[in-house]
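For clarity, every value in this text was computed on a predicted model and none was experimentally measured.
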Amino acid sequence: HTTSGLLADLVEELDGKVESGMFRPHDTAVMAETMISLGVDLIITCLDAPDEAPRRLDFLQDLFASALLADGALDRTSC
């Protein structure tokens, strides 16, 4: 697959995390596209319903942590 810009950078970063063992093996291109899409959705939520943004952000962090982290644990101090 050919990617460029932000998407390519995110795929490269995800690939590195998989190779290091920090993240579970997965389709990094699909994950990067999903992360970008949900990031845009989060920005729109922040603009339309700012009170909902923290809840949505917590949900997305938990969602990605459970899908990606090899040990399934999220250290919120590093976010």
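- Leu63 and Ile44 are assigned to two separate hydrophobic clusters, defined by single-linkage of ILVMFWY side chains at heavy-atom distances under 4.5 Å.
- Distance check: Asp27 CG to Leu14 CG gives 10.0 Å after rounding to the nearest 0.5 Å.
- A pairwise comparison of heavy atoms in Ile36 and Leu10 identifies CG1-CD2, 4.0 Å as the closest pair.
- Across Ala29 and Leu7, no two heavy atoms sit closer than the pair O-CD1, 4.4 Å.
- Leu57 CG to Thr45 OG1: the interatomic distance, rounded to the nearest 0.5 Å, is 10.5 Å.
- In this structure, Val30 is not a member of the same hydrophobic cluster as Leu6, with clusters built from ILVMFWY side-chain heavy atoms closer than 4.5 Å.
- Proximity of Val18 to Arg24: side-chain heavy atoms (C-beta onward) are nowhere separated by under 4.5 Å.
- Rounded to the nearest 0.5 angstrom, Phe23 CZ and Glu13 CD are separated by 7.5 Å.
- Listed by chain and number, the residues in a salt bridge (Lys or Arg N to Asp or Glu O under 4.0 Å) with Asp41 are Arg56 (sequence neighbours excluded).
- From Leu42, atom CG reaches atom CE of Met35 across 12.5 Å, with rounding to the nearest 0.5 Å.
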